[in-house]
Protein chains: 2
Amino acid sequence: MKSPSQSRDRGIPEATVARLPLYLRALNGMAERGVATVSSEDLAMAAGVNSAKLRKDLSHLGSYGTRGVGYDVEYLVYQISRELGLTQDWAVAIVGVGNLGRALANYGGFVSRGFRVAGLLDADPEVVGDDIAGLNVEHIDVLESVIERRGVSIVVLATPAMAAQEVCDRVVAAGVTSILNFAPVVLSVPDGVDVRKVDLSIELQILAFHEQRKAGGPLMAVDSQ
Amino acid sequence: MKSPSQSRDRGIPEATVARLPLYLRALNGMAERGVATVSSEDLAMAAGVNSAKLRKDLSHLGSYGTRGVGYDVEYLVYQISRELGLTQDWAVAIVGVGNLGRALANYGGFVSRGFRVAGLLDADPEVVGDDIAGLNVEHIDVLESVIERRGVSIVVLATPAMAAQEVCDRVVAAGVTSILNFAPVVLSVPDGVDVRKVDLSIELQILAFHEQRKAGGPLMAVDSQ
DNA sequence: ATCCCTTTGTGAAGCGATGCACAAAGTCGG
DNA sequence: CCGACTTTGTGCATCGCTTCACAAAGGGAT
Ligand SMILES: NC(=O)c1ccc[n+]([C@@H]2O[C@H](COP(=O)([O-])OP(=O)(O)OC[C@H]3O[C@@H](n4cnc5c(N)ncnc54)[C@H](O)[C@@H]3O)[C@@H](O)[C@H]2O)c1
Ligand SMILES: NC(=O)c1ccc[n+]([C@@H]2O[C@H](COP(=O)([O-])OP(=O)(O)OC[C@H]3O[C@@H](n4cnc5c(N)ncnc54)[C@H](O)[C@@H]3O)[C@@H](O)[C@H]2O)c1
């Protein structure tokens, strides 16, 4: 049922994809500090992973290192960026401009990595019309036209949980296939749509679990990031 | 080097721990709607996972289901809460009260799950003294005393990346062993300290990767949450 | 040119998580 | 009390990721 020989192997493991941004961040820091080349050992250290894992990850992109020397920092930045699709810039819309939506809109870290906030949408007439980070908050009614006209391909959901599925459905119907969800609900989407979720409450609960363990008995391994 | 027979098996897989909060959320929703019992099939559906996986996860906590019937919702809520350590309440301090820190402080979803914001700390004299969500922002100088006097056991880091490691070191020195980090840096901590990180930029980059793939060739599997 | 040193790229083993499939266990109607 | 039906709990095969360990590859010194 699968085709093991489809030109070359363009299947990068999901776990690897999730780490590429980590490497990219470390490499960007090095580039800024004027570092020209870096060994897998040093880069792995900076990214907080095992060096063998780093090498295997990078080997999925191609053979970009030089044995006995290491990796050219600039070149590797370019290759990873290209692989992640960061050489183009992505238009992002934020739906739900409350506490969290505002924080996200004001955050500079997106733009710096090729993500451009192209729209802010909310249902509350009180909020609509506000200027945030140089952008005007628009009414949720015009969601579809904003997505279409500004070429939005990634939507960030920061509405209350109640509204999330409904907004999600509209967003998907408008052709968006990548969603970052902050609402604490499991979104139901058709095949082909990517949903990633961030749930702070879950993170805290996981921490609480381990914290409880530490208090209980003094015999367990910890740490992870 | 390990002791395979230490009373009963108290080792719950990390992947299971990460899903328990999901089940808990689904169960709470059902409890509110007055549902008394639920089958693994239905609960799995609500949590967005495979039913066999759900059953295996729950089996790590004990045998709390009834064959032919399902799980008692209230009872399961209690068992999972206890396992996660949510029967006690946890004092949380937020360090860095900027865009993100404010959003977190104002967020009601923490308190509802047994997490109490017990302190807000910042280095900026402009911010110190502000009242946010009924709490006074204190100066980072008193970090150690706040942690000690209020029994803070979990710290949320929402400072700029530059300051994160320094604050982290102080927090760890003050005895905290659970940290939720929003700053885009790899924190270095001693063994026994748990760090979990949330990086929105990484999530967007992962979405961008898949989005690029979809545009490229029409032959790949997607979805995940 | 040759040798030595460093570091990559990867085969292969190990490990944990996933999902199937089913026997065991319990419910409920008669 | 029994038999049909439902649903759990889990053994087992499988899968994907991690880690080790090392041969191959390249650089630089002599
Ligand atoms: N604030 C946090 O730190 C935090 C943390 C974790 C999770 N969350 C989650 O993120 C989401 C947003 O949190 P928040 O604190 O910003 O809440 P908020 O109430 O401050 O903001 C929600 C915004 O969404 C808008 N909205 C409501 N219905 C809408 C709709 N149908 N279409 C468009 N906009 C709509 C509201 O007008 C409001 O401005 C929630 O689901 C919350 O659970 C927030
Ligand atoms: N805002 C977002 O949506 C967002 C998204 C992703 C990541 N982040 C990360 O979260 C962190 C905070 O983001 P933000 O947008 O709130 O930034 P911000 O600049 O608005 O807030 C940072 C706050 O930390 C305080 N601070 C600085 N040094 C400190 C110190 N040594 N001790 C205590 N407080 C100190 C500052 O005074 C400021 O109030 C950053 O690391 C950012 O990269 C933010």
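Side chains are part of it too, since the values below use all heavy atoms of this structure and drop only hydrogens, waters and symmetry mates. Within every chain, numbering begins at 1; the chains are lettered A, B, ... in the order of the sequence lines, protein sequences first and strands thereafter.
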With a cut-off of less than 4.0 Å, is there a side-chain N or O of [X] near OP1 or OP2 of [N]?
{"X": "A:Tyr64", "N": "C:dT7", "result": "no"}
{"X": "A:Asn50", "N": "D:dC20", "result": "yes"}
{"X": "B:Lys56", "N": "D:dT10", "result": "no"}
{"X": "B:Arg19", "N": "C:dT18", "result": "yes"}
{"X": "A:Tyr71", "N": "C:dG9", "result": "yes"}
{"X": "B:Ser40", "N": "D:dT8", "result": "yes"}

Side-chain H-bond candidate by donor/acceptor type, [X] with [Y], under 3.5 Å:
{"X": "A:Tyr75", "Y": "A:Gln79", "value": "yes"}
{"X": "B:Glu211", "Y": "A:Ser153", "value": "no"}
{"X": "A:Thr16", "Y": "A:Asp57", "value": "yes"}

Task: Side chain to side chain, B:Leu24 and B:Glu83, heavy atoms closer than 4.5 Å - done: no
Task: Flag side-chain contact, heavy atom, 4.5 Å: B:Phe209 against B:Gln205 - done: no
- [ ] Using only heavy-atom distances, decide whether a donor-acceptor pair under 3.5 angstrom links the side-chain of B:Arg67 to the base of D:dT7.
- [x] no
TODO: Scan A:Ser63 against the nucleic acid and name what it touches under 4.0 Å (heavy atoms): base, sugar-phosphate only, or nothing.
DONE: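 Result for A:Ser63 = sugar-phosphate.
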- [ ] Would you indicate what B:Ala52 reaches in the nucleic acid, counting non-hydrogen atoms under 4.0 angstrom: base, sugar-phosphate, or nothing?
- [x] base
Rounded interatomic separation in angstrom, taking [atom1] from [X] and [atom2] from [N]:
{"X": "A:Asp57", "N": "C:dT8", "atom1": "CG", "atom2": "P", "result": "14 Å"}
{"X": "B:Glu14", "N": "C:dC15", "atom1": "CD", "atom2": "C1'", "result": "15 Å"}
{"X": "A:Leu61", "N": "C:dT10", "atom1": "CG", "atom2": "P", "result": "12 Å"}
{"X": "A:Arg55", "N": "D:dC20", "atom1": "CZ", "atom2": "C1'", "result": "10 Å"}
{"X": "A:Leu43", "N": "C:dT7", "atom1": "CG", "atom2": "C1'", "result": "14 Å"}
{"X": "B:Asp72", "N": "C:dT27", "atom1": "CG", "atom2": "P", "result": "13 Å"}
{"X": "B:Glu41", "N": "D:dG9", "atom1": "CD", "atom2": "P", "result": "14 Å"}
{"X": "B:Leu58", "N": "D:dT10", "atom1": "CG", "atom2": "C1'", "result": "13 Å"}

